[in-house]
Amino acid sequence: MPLLRLPHTPYLPTSAPALANLLLSLSAARSLPKGQQLHAHLLKSGLLSSPATATRPLSNHLITFYARCGLPLLSRAAFDDSPSPRPAAAWSSLLASLAQNGLPLPAIAAFRSMLLVAVPPSDRSLPSAAKAAAALSSPSLARSLHALALKTPFAEDVFVVSSLVDMYAKSALLAEARRLFDLMPHRNVVSWSTIIYGYAEAGLDADALRLFKMALAELEPPGVNDFTYSCIIRVCSTATLLELGSSIHAHCFKTSFDSSPFVGSSLISLYSKCGLVEEAYELFDQMPDRNIGAWNAILIASAQHGHIHVAFHRFQEMKAAGFSPNFITFLCLLTACSHAGLVDEGKRYFALTSEYGIEPGAQHYAAMVDLLSRAGRITEAVAFIEEMPIEPTESVWGALITGCRIHKDADTAAYAATKLFETGSSSSGAHMLLSNAYAAAGRYADAAQARKAMRDRGVRKETGLSWLETAGKVHTFVSGDRRHPRSDEIYAVLEEVGERMEKAGYVPDTSQVLRDVGGEEKRAAIWYHSERLAIGLGFLVVPEGQPIRVMKNLRVCVDCHTAIKYLSKCTGRAIVLRDNNRFHRFEDGACSCGDYW
DNA sequence: TTAGGGTTAG
């Protein structure tokens with residue numbers, strides 16, 4: 001680090017290239033005060049426009065210095081200080097600073113100003129403009145920027161086209177993104193990662209995986225990188241593709257990308273989401289380099305698996321390691337508290353956000369409402385919502401309805417549902433939450449009405465699905481499913497165990513069945529819920545001694561939860577069930593969630 | 001001076 005004594009220093013270099021180098025090292029060290037003093041000095045001495053290199057005056061280095069310090073407005077001040085007419089490089093630097101630092105609208109405005117003063121768009125300015133457009137997610141802006149790029153000599157430049165692909169993908173124009181990508185004469189690892197990420201974000205897992213395989217085949221060594229890996233591992237974890245994910249893990253190991261904290265974080269998430277929390281812990285403990293994401297990943301892993309005190313302990317360790325908790329860290333902690341019903345701890349963590357300068361977002365409020373209402377403090381939850389400084393979102397009201405269902409408070413549920421619909425939501429979840437809350441309170445007519453309202457609005461209920469992965473194949477079931485080739489065996493084994501369960505004291509709880517029908521019919525309605533069918537297949541195909549791992553897209557119902565406890569007791573099998581919220585590990589008649597979920 | 005950006009839950 002060169003020493004710098006400012007402002008009355010005799011030691012400042014006088015040549016422009018040396019001053020440029022000085023700025024470079026100041027930006028690497030994020031040394032803002034010294035950089036600003038240097039800025040003042042350059043202004044006073046009139047050195048600002050001296051060329052540091054053939055194409056870049058010193059003012060450009062200043063713009064970049066402020067960009068690296070995360071201060072786009074000071075970049076703009078430096079730009080404004082530079083004498084007009086500004087060279088194309090000055091515009092590119094300014095655009096990069098605005099686009100990289102979260103100011104997409106000013107970036108687009110600056111791009112327009114650049115065109116107005118007749119500076120032609122280049123391979124340096126177009127990518128930044130596209131990045132800003134991507135952040136704005138505006139299809140019309142995306143199309144016009146693309147049209148503009150086609151008129152330049154850079155329509156096939158790999159930077160320009162990659163940025164346009166990303167822009168289309170983020171503007172809900174994935175098909176356009178793909179068309180552009182397919183036409184690219186030259187694709188590199190960034191282009192591939194961009195399109196894979198686009199498909200992954202859109203939830204098109206199969207396409208993302210196909211593209212990943214194509215990338216492996218097409219790219220010259222060194223091939224894909226840590227970004228591509230973390231992206232595709234995330235696809236495996238949302239789709240709970242454990243076997244595929246593990247084989248990609250092996251690839252990472254061979255290429256040493258597993259030491260990247262980003263790859264490590266997504267692997268932790270993969271193993272945790274697939275139910276292998278011990279593997280997730282081991283991976284974390286062996287990580288050579290941890291970042292905040294890795295800490296958050298391990299926090300959420302322990303929270304999802306009900307290891308609440310592990311999560312709290314990790315939080316202490318994280319702080320001791322010098323990491324400052326962020327927005328997501330607090331979500332992890334509040335989720336952990338919610339899973340265990342720890343209201344006081346949750347309040348403490350919520351209050352702690354301000355100590356770290358974090359403004360709680362809607363998700364934090366939703367987590368608090370979830371915590372309070374699940375714990376039965378419905379009135380307190382309502383009061384909490386009323387005092388929120390921001391507008392309550394769909395998930396805040398949804399959390400309240402869930403709590404109301406558990407505690408059979410149909411009136412508050414109805415109030416929350418009205419509020420929820422006022423937010424303009426049309427998701428099936430909202431209607432189903434309300435309908436279930438009515439059914440739980442025994443108000444079947446209202447429950448039916450809520451479902452009818454949902455149909456009238458043309459909203460379809462999300463189908464409950466459960467699945468089990470075995471020998472690299474995923475078997476999916478819906479309630480009452482008879483499509484599986486081993487269906488007869490599955491039903492037979494469930495019937496057989498069912499008799500033993502009832503002898504052991506299991507009584508079906510049909511209170512969550514919506515229709516007001518007779519007992520036998522209600523029993524049939526729940527006896528073959530999708531998760532039980534998947535577990536039934538598990539009895540047939542998963543070797544003794546290994547846990548049966550089943551995934552479900554919706555929340556597990558009260559009766560299935562009870563039934564699976566009996567299933568584990570009567571068969572001596574461990575059953576791991578992941579619902580849309582958390583993990584349940586059933587063993588010897590008990591569940592790891594402590595019946596609180 | 002230019003493109004992808006990772007962890008929450010959904």
Side-chain angles (χ1 to χ4, degrees), chain A residues 52-53 55-57 59-61 63-65 67-68 75 79 87-97 99-100 121-131 134 154 157-167 169-170 177 181 184 187-198 200-201 203 224-234 237-238 260-270 272-273 284 290-301 303-304 326-336 361 363-364 366-367 370 394-395 398 427 429 462 553 580-582:
Chain A
T53 59
T55 51
R56 301 191 70 207
S59 54
N60 261 44
H61 290 269
I63 296 171
T64 305
F65 166 75
R68 299 219 173 119
S75 287
F79 176 87
W91 287 99
S92 305
S93 300
L94 172 67
L95 287 172
S97 181
Q100 286 164 4
S122 71
D123 55 339
R124 307 299 157 126
S125 55
L126 281 166
S128 291
K131 187 190 184 82
F154 309 105
D157 177 89
V158 68
F159 276 74
V160 171
V161 187
S162 296
S163 68
L164 292 175
V165 168
D166 184 52
M167 173 187 73
K170 291 192 173 133
F181 176 81
M184 285 178 82
R187 293 181 281 247
N188 63 15
V189 64
V190 175
S191 334
W192 277 104
S193 303
T194 302
I195 193 75
I196 293 171
Y197 184 80
E201 275 294 291
V224 299
N225 63 16
D226 52 345
F227 172 73
T228 333
Y229 277 124
S230 69
C231 183
I232 204 69
I233 292 168
R234 196 174 141 224
S237 65
T238 52
S260 146
F262 299 109
V263 172
S265 301
S266 39
L267 283 170
I268 288 170
S269 178
L270 167 76
S272 170
K273 283 193 176 136
F284 180 80
R290 298 176 188 136
N291 62 8
I292 180 79
W295 283 100
N296 286 340
I298 202 68
L299 281 180
I300 198 67
Q304 278 171 337
N326 67 9
F327 188 92
I328 292 168
T329 312
F330 283 103
L331 275 179
C332 300
L333 290 166
L334 293 175
T335 307
Q363 294 172 91
H364 296 95
D370 182 73
E394 178 182 349
S395 51
S427 79
E462 191 181 353
N553 65 338
N580 61 356
N581 191 35
R582 63 170 296 157

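Just so you know, these numbers come straight off a predicted model, no measurement behind them.
- For the atom pair CG of A/D123 and CG of A/D157, the computed distance is 5.0 Å after rounding to the nearest 0.5 Å.
- Among the protein residues, A/N225 comes within range of the nucleic acid bases, having at least one heavy atom under 4.0 Å from a base atom.
- No contact: A/N60 has no heavy atom under 4.0 Å from any strand.
- Among the protein residues, A/Y197 comes within range of the sugar-phosphate backbone only, with heavy atoms under 4.0 Å from sugar or phosphate atoms but none that close to a base.
- Here A/S193 lies in heavy-atom contact (under 4.0 Å) with a base.
- When heavy atoms are screened at a 4.0 angstrom cut-off, A/E201 is found touching no nucleic acid atom at all.
- The CD atom of A/Q100 sits 6.0 Å away from atom OG of A/S128, with the distance rounded to the nearest 0.5 Å.
- Counting any heavy atom pair closer than 4.0 Å across all strands shown, A/D157 reaches no nucleic acid atom.
- If you walk DNA chain B from 5' to 3' and mark each nucleotide with an atom closer than 4.0 Å to a heavy atom of chain A, the marks span B/dT1 to B/dG10.
- Within the 4.5 Å cutoff, the side chain of A/L267 has heavy atoms near those of the A/V263 side chain.
- Under the ring pair (Phe, Tyr, Trp, His ring centres under 6.0 Å) rule, A/W192 has a single partner from A/Y197, A/F181, A/F227, which is A/F181.
- Across all strands shown, A/L331 has heavy atoms under 4.0 Å from base atoms, whether or not it also approaches the sugar-phosphate.
- Nucleic acid contact for A/A297: none, since no nucleic acid atom lies under 4.0 Å from a heavy atom of the residue.
- Using a 4.0 Å heavy-atom distance criterion, A/D226 is classed as a base contact.
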Show your reasoning for whether side chain to side chain donor-acceptor pair (under 3.5 Å) applies to A/D166 and A/S163. CA-CA 5 Å; A/D166 184 52; A/S163 68; over 6 Å; no
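- Side-chain contact check for A/I268 versus A/F284: some heavy-atom pair is nearer than 4.5 Å.
- A/S163 comes within 4.0 angstrom of the backbone, heavy atoms only, and of no base.
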